[in-house]
> 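Here's a structure for you.
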Amino acid sequence: MNQSLGLVSLLVRDYDEALAFFTGILDFVLIEDTHVPAQDKRWVVVAPPGSRETRLLLARASNPQQAARVGDQSGGRVFLFLHTDDFERDHQAYKAKGVRFVGEPRDEPYGKVAVFEDLYGNRWDLLQPRSAQPA
């Protein structure tokens with residue numbers, strides 16, 4: 001059996017502001033942005049550069065229940081884990097672009113990590129796994 005996660009849905013307030021953050025600040029790649037007139041929505045997919053499988057579907061909240069979850073999809077816990085091959089490069093670049101980090105970078109048994117928040121307040125780990133760190 002061979003399975004993988006293809007898309008993770010992330011609730012957003014507005015497609016364009018979310019795209020500006022993910023493509024303009026985090027340097028994600030826009031994979032698809034298709035208008036779906038029958039549902040009055042867009043199918044917006046982004047991915048970190050070099051990502052081969054898992055992608056984010058930026059899903060505009062379409063009712064009050066969904067709108068209440070924008071920025072709090074995981075109850076305040078880290079929600080998504082962004083792996084990098086160069087922690088220092090990405091940490092410095094994100095800080096320079098105004099990304100809010102929650103605490104200082106730290107070395108853990110599994111790698112170098114720092115928690116940051118996206119434009120809505122969802123928490124992410126920026127993580128360079130130990131296996132991807134230079135010897």
> Taking the side chain as C-beta and beyond, is there a heavy-atom pair between Trp124 and Val115 under 4.5 Å?
no

> Check whether any side-chain N or O of Tyr120 sits under 3.5 Å from a backbone N or O of Val12 as a donor-acceptor pair, and report yes or no.
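No: the side chain of Tyr120 does not pair with the backbone of Val12.
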
> Salt bridge check, Glu108 against Arg130: does any charged N sit closer than 4.0 Å to a carboxylate O?
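No, this pair does not count.
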
> Cluster question for you: counting only ILVMFWY and a side-chain heavy-atom cut-off of under 4.5 Å, with indirect links fine, are Leu10 and Val99 together?
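Linked within one cluster.
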
> Is there a side-chain contact between His35 and Lys41, using heavy atoms and a 4.5 Å cut-off?
no

> Please assess Thr84 against Arg89 for the test side chain to side chain contact (heavy atoms under 4.5 Å, CB included), listing each intermediate value before the final yes or no.
CA-CA 9 Å; Thr84 179; Arg89 174 198 65 212; 3.4 Å; yes

> Let me check something: do Val102 and Val78 share a hydrophobic cluster, defined by ILVMFWY side-chain heavy atoms less than 4.5 Å apart, either directly or through other members?
yes

> Tell me whether Tyr15 contacts the main-chain N or O of Arg42 through its side chain, where contact means a donor paired with an acceptor under 3.5 Å.
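Checked: pair present.
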
> Can you get from Leu80 to Phe28 by hopping between Ile, Leu, Val, Met, Phe, Trp and Tyr side chains that sit under 4.5 Å apart?
yes

> Provide the closest heavy-atom pair for Leu126 versus Phe87 in the form atom of the first, atom of the second, distance.
O-CE1, 3.5 Å

> For the residue pair Lys97 and Ile25, what are the closest heavy atoms and their distance?
CD-O, 3.3 Å

> Looking at residues at least two apart in the chain, or sitting in another chain, which of them share a side chain to side chain donor-acceptor pair (under 3.5 Å) with Thr34?
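With sequence neighbours excluded, Thr34 shows a side chain to side chain donor-acceptor pair (under 3.5 Å) to Glu32, given in chain and number order.
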
> Run the numbers on Leu57 and Val8 for side chain to side chain contact (heavy atoms under 4.5 Å, CB included), then give the verdict.
CA-CA 6 Å; Leu57 172 67; Val8 174; over 6 Å; no

> Test side chain to side chain contact (heavy atoms under 4.5 Å, CB included) on Glu117 and Asn122 and set out the steps.
CA-CA 5 Å; Glu117 293 181 342; Asn122 292 300; over 6 Å; no

> List the residues meeting side-chain contact (heavy atoms from CB on, under 4.5 Å) with Leu119, not counting sequence neighbours, and say none if there are none.
Glu17, Phe21, Phe22

> On a heavy-atom basis, which atom in Gln73 and which in Phe79 lie closest, and how many Å separate them?
NE2-CZ, 3.6 Å

> For the residue pair Ser74 and Arg77, what are the closest heavy atoms and their distance?
OG-O, 2.6 Å

> Can you name the nearest heavy-atom pair linking Pro129 to His83, along with the distance?
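Distance-wise, the nearest heavy atoms are CG-ND1, 3.5 Å.
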
> Please report the interatomic distance CD1(Ile31) to OG1(Thr23), rounded to the nearest 0.5 Å.
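So the gap between those two atoms works out to 11.5 Å.
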
> Output the distance between atom CG (Leu82) and atom CG (Leu26), rounded to the nearest 0.5 Å.
7.0 Å

> Could you report the tightest heavy-atom contact between Val70 and Ala61, atom names first, then the distance?
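So the two residues come closest at CG2-CB, 3.9 Å.
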
> Is there a donor-acceptor pair under 3.5 Å between the side chain of Gln128 and the backbone N or O of Asp85?
yes

> Distance from Lys95 atom NZ to Phe116 atom CZ, nearest 0.5 Å?
14.0 Å

> Any idea how Tyr94 and Phe101 line up, ring-wise: parallel (<30°), tilted (30 to 60°), or perpendicular (>60°)?
parallel

> Might you work through the side chain to side chain contact (heavy atoms under 4.5 Å, CB included) test for Asp40 and Arg60, ending with a clear yes or no?
CA-CA 10 Å; Asp40 188 32; Arg60 186 187 67 205; 4.2 Å; yes

> If only atom types and distance count, is the side chain of Gln66 paired as donor or acceptor with the main-chain N or O of Ser62 below 3.5 Å?
yes

> Is there a donor-acceptor pair under 3.5 Å between the side chain of Asn63 and the backbone N or O of Gln65?
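Yes; at least one donor-acceptor contact below 3.5 Å.
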
> Could you go through residues 43-53 and list every donor-acceptor pair under 3.5 Å that involves a side-chain atom there, pairing it with any protein atom two or more places apart or in another chain?
residue, atom, partner, partner atom, Å
Ser51, OG, Thr54, O, 2.9
Glu53, OE1, Ser4, OG, 3.4

> Could you grab the distance from atom CG of Leu5 to atom CG of Leu7, nearest 0.5 Å is fine?
9.5 Å

